[in-house]
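Just so you know, ligand 1 is whichever comes first in the structure, and atom 1 is the first atom listed for that ligand.
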Amino acid sequence: MIGVFDSGYGGLSVLREIAKRLPQYSYLYLGDNARAPYGTRSFDCVYEFTLQAVRYLFDQGCPLVILACNTASAKALRTIQQRDLPDMDDPTRRVLGVIRPTAEKVGEISKNGQIGIFGTPGTIASESYDIEIAKLWPDFHVYGQPCPMWVPIVENMEMNTPGADYFVEKYVNQLFGKQPEIDTVVLGCTHYPLLYDSIRRFVPPTAQVISQGEIVAESLADYLRRHPEMEHRLQRSEQCEQGAGPCSPQITCEQGPVPCSPDITYLTTEHPSKFQDMASVFMGQPVENVTKIQLS
Ligand code: DGL
C-alpha cells in the first residue's frame with residue numbers, strides 16, 4: 001500500500017491525481033482532521049503530528065508514505081527523512097513530499113523566473129519553496145503570499161461565493177503588488193485547487209497557475225520507475241491482482257485496455273461521516289471505507 005497523509009482533506013486533491021495516474025496500487029489515506037488545520041501551527045507541533053502519522057502508516061504496512069500536505073512537507077519532511085527514518089526498525093521505508101517535485105516543475109514552466117507561491121502562513125514562513133527553487137534554479141525570484149482565509153473557505157464549502165472571491169482577489173492583488181511580472185503561480189496548499197476557478201479569474205492571463213496533483217503523481221510514477229525495489233513492495237489493487245498479473249506503473253494493465261481501479265481505504269482522526277461528506281467533494285466521487293483512528 002502507498003500511504004498518503006494530509007492534515008485533513010486537502011491531500012485528497014493529490015490522492016485523486018495519483019490514483020488516476022497509478023491505479024494499479026492500493027492506497028491508504030490518512031487525514032488528521034481532528035487536529036487540522038496545520039497551517040497556523042508551530043514547527044514543533046507539525047513535526048510531531050506528522051511523525052505520528054508516518055509511524056502509523058508504516059505500522060499499517062505502507063513502505064512508502066507521501067506527505068500530500070505542503071505544511072507537513074515544509075516543516076517535517078526533512079527531519080523525518082534525515083533523523084527519524086534511519087533509526088527506525090526498517091530504514092528502507094521512504095517518505096516523500098510535494099514541494100520538491102513542484103519546485104522542479106516551475107523551472108520547466110517559467111519563462112522569466114518570477115515565481116509566486118500561494119500557501120498557508122506556515123508554508124510561506126518556512127520559506128521551503130524559496131529554498132528548494134533556489135537549489136534548482138538559482139536565478140529565479142520567489143514571492144510568497146500567505147492566504148490564511150483560503151483553507152477555512154474550502155473547509156466550509158464557500159468556494160463559489162462572493163466572500164471567496166473577495167479573499168481570492170485580495171491575496172492575488174497582494175502577490176502581484178510585490179511583483180507584477182510573475183509568470184508562474186504555484187497553488188502551494190492542497191486545498192487551493194478547489195478554488196482554482198476563482199483564482200484563475202483574478203490572476204493576470206499572462207501568468208500560469210499550477211496545481212500540484214498531477215505534478216506529484218507524475219513525480220511518483222517516475223520515482224517508482226527509478227526504484228523497482230520499492231515498486232515491488234507495493235500491494236496491487238484487488239482488480240489488478242485478479243487481472244493479468246504484474247503491470248508496470250502505467251494507466252492500463254499491460255495485458256488489456258481496461259483501466260485498473262485503485263483500492264483506496266480512508267482513515268481519519270475525526271468522525272467518519274463528517275469526513276465522508278467533504279472527502280467526496282475533494283475526490284469527485286462517493287468516498288466509503290472510512291475508519292476513525294487515534295494518533296499519539
Ligand atoms: N493541507 C495543508 C497544506 O497543503 C493545508 C491545510 C492545513 O492548514 O492544515 O498546506
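- What sits closest to atom 10 (O) of ligand 1 on the protein, heavy atoms only, is T71 OG1, 2.7 Å.
- Between Y29 and F5, a ring centre-to-centre spacing not shorter than 6.0 Å is recorded.
- Using a 4.0 Å cut-off between charged nitrogen and carboxylate oxygen, D165 and R201 count as a salt-bridge pair.
- Residue-level proximity to ligand 1 for C189 is carried by backbone and side chain together, each with a heavy atom below 4.0 angstrom.
- For F118 and W150, the distance between ring centers is under 6.0 angstrom.
- The side chain of D6, and not its backbone, has at least one atom closer than 4.0 Å to an atom of ligand 1 (non-hydrogen atoms only; side chain from C-beta on).
- Considering backbone and side-chain atoms alike, G39 places an N or O below 3.5 Å from some N or O of ligand 1.
- Listed by atom number, the atoms of ligand 1 under 4.0 Å from Y38 heavy atoms are 7 (C), 8 (O), 9 (O).
- For the side-chain hydrogen bond (donor to acceptor under 3.5 Å, both in side chains) with Y38, the qualifying choice from T123, T120, D32 is D32, the only one to do so.
- When only modelled atom types and interatomic distance are considered, R35 and Q52 share a side-chain donor-acceptor pair under 3.5 Å.
- Between N70 and ligand 1, a contact under 3.5 Å exists for at least one N or O pair.
- Close contacts of ligand 1 with S7, meaning ligand atoms under 4.0 Å from a residue heavy atom, involve 1 (N), 2 (C), 6 (C), 7 (C), 9 (O).
- Within 6.0 Å of the CD atom in E229, the count of heavy atoms belonging to other residues, nucleotides or ligands exceeds 12.
- By the neighbour-count criterion of 12 heavy atoms within 6.0 Å, atom CD of E214 is sparsely surrounded, having that number or fewer from other residues, nucleotides or ligands.
- Numbered from 1 in the order shown, with element, the atoms of ligand 1 that lie under 4.0 Å from a heavy atom of T120 read 5 (C), 8 (O), 10 (O).
- Scanning the protein for heavy atoms near atom 2 (C) of ligand 1, the closest one is C69 SG, 3.4 Å.
- Ligand 1 places these atoms under 4.0 Å from at least one heavy atom of H191: 1 (N), 5 (C), 6 (C).
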